[in-house]
Amino acid sequence: MAIPNMQRRKSIPVNVGGIQVGGDAPVVVQSMTNTDTADIDETVKQIAELSDAGSELVRITVNNKEAAKAVPYIIEKLDKKNVEVPVIGDFHYNGHVLLTQFPDCAKALSKYRINPGNTGTRARDQNFCTIVEQAIKYDKPVRIGVNWGSLDQQLLAEKMDKNNALPEPRESKEVMMETIIESALRSAEMAQDVGLAKNRIIISCKMSGVQDLVDVYQRMGSVCDYPLHLGLTEAGMGMKGVVASSAALSILLQQGIGDTIRISLTPMPGGDRAEEVRVAQQILQSLGIRNFIPQVTACPGCGRTKSTYFQELADEIQGYIREMMPVWREVYPGVEDMHVAVMGCVVNGPGESKYADIGISLPGTFEEPKAPVYIDGKHSVTLQGDHIGKEFRGIMDTYIVNRFGVKKNGEKAPQN
Ligand code: SF4
């Protein structure tokens, strides 16, 4: 599904472990674990959870020897569990050492992320080139991921000095933006000089401010054709992180900029890491770029209904859909395009329900205790009594089987 009038920025397609990023591929959702990579079981568990939630690429930190040693075992365990998501290694400071000392780690990963500002101080370029040599040796793509918080300080200092020598120096922020872009492009050029093919390079320039991120990606998008990985770095916790990421990414995606996205939410202690995947999907789905999960439309409620039942039902349906999606995705292709409406009264209820594939309009205060159900725009049945939720779920299950349950060979898919 493409946004009408949206012109996607042209980029070179890059294959990351079988997933295409850039070119005409859909915008790819990715995420990152927060486990200690050396803890193989915990890391496998979280990668599987992120993949189940719909993450199409998962990044893990490879920060020390223990983590590098663990990587091939993690991939092996994922294979045994039939978790096929490509795993990316995130390297800083010692990536050149780890990738050369642990060839099984280098082989097992599907992509290496290199931060050119964090590859060392004195031998920065040399270390960067060593990582690129490993990528060439094992035929892996790389992401050159510049981050404003760890920008190449030497390059920044040089550019600041030059700027200060100008008769009318520009604002330091302007110089920083320019340095970020230059650092990424210079590194990409260096990787190609070492011998890495252009179609093995993805670029990111992450910032923590919404306007800065938009600015830097608009500039970057206009000067190169590498696929771009979008994300607000250190987006923050809860609503702040979700809103800031949505605001920044929506502007860029609407302009056709961005080939893969990651939402860097700070989870609550013990919180669900897969939330960042769901937020990324919801941004793409809300913009009409890609559908991942049936959309549940629910009214906000107002004085016309004192009951909280429609909120509970909307939540129950949403939870049920989320729980079933890993199975439905496989068995009922296209189910992600389904649209469900759960409405609080007859004012907008029937209208919105008719517009959805399946909709229910619950009775508002002083209305008859009846809940008409609409399927494909037509009134199908009216529910009442104490089991409306269960009955509505049953109707939805049957609808999914009938509409999406035919496999390519013409056989009916099994009912769950
Ligand atoms: S559908 Fe009814 S209850 Fe829901 S917001 Fe509209 S008027 Fe209020």
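Atoms within a ligand are numbered from 1 in the order they appear, just like the ligands themselves. All of these numbers come straight from a predicted model, not from anything done at the bench.
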Is there a side chain to side chain donor-acceptor pair (under 3.5 Å) between T43 and T35? Walk through the geometry before answering.
CA-CA 6 Å; T43 303; T35 55; 2.9 Å; yes
Would you mind writing out the side-chain donor-acceptor pairs for residues 264-272 within the sub-3.5 Å range, not counting sequence neighbours?
{"from": "S264", "atom 1": "OG", "to": "R262", "atom 2": "NH1", "distance (Å)": "3.4"}
{"from": "D272", "atom 1": "OD1", "to": "A274", "atom 2": "N", "distance (Å)": "2.9"}
{"from": "D272", "atom 1": "OD2", "to": "R278", "atom 2": "NH2", "distance (Å)": "2.6"}

Which residue pairs satisfy the side chain to side chain donor-acceptor pair (under 3.5 Å) criterion with at least one member in residues 353-365, sequence neighbours excluded?
D357-R403
Under 2.8 Å from atom 2 (Fe) of ligand 1, the protein N, O or S atoms, given as residue and atom
C345 SG
Which residue pairs pass the salt bridge (charged side-chain N to carboxylate O under 4.0 Å, His left out) test with at least one member in residues 380-390, sequence neighbours excluded?
none
In a check of side chain to side chain contact (heavy atoms under 4.5 Å, CB included) between I202 and each of V142, L228, V21, D259, which one passes?
V21
Do the ring centers of W328 and Y399 come within less than 6.0 Å of each other?
no
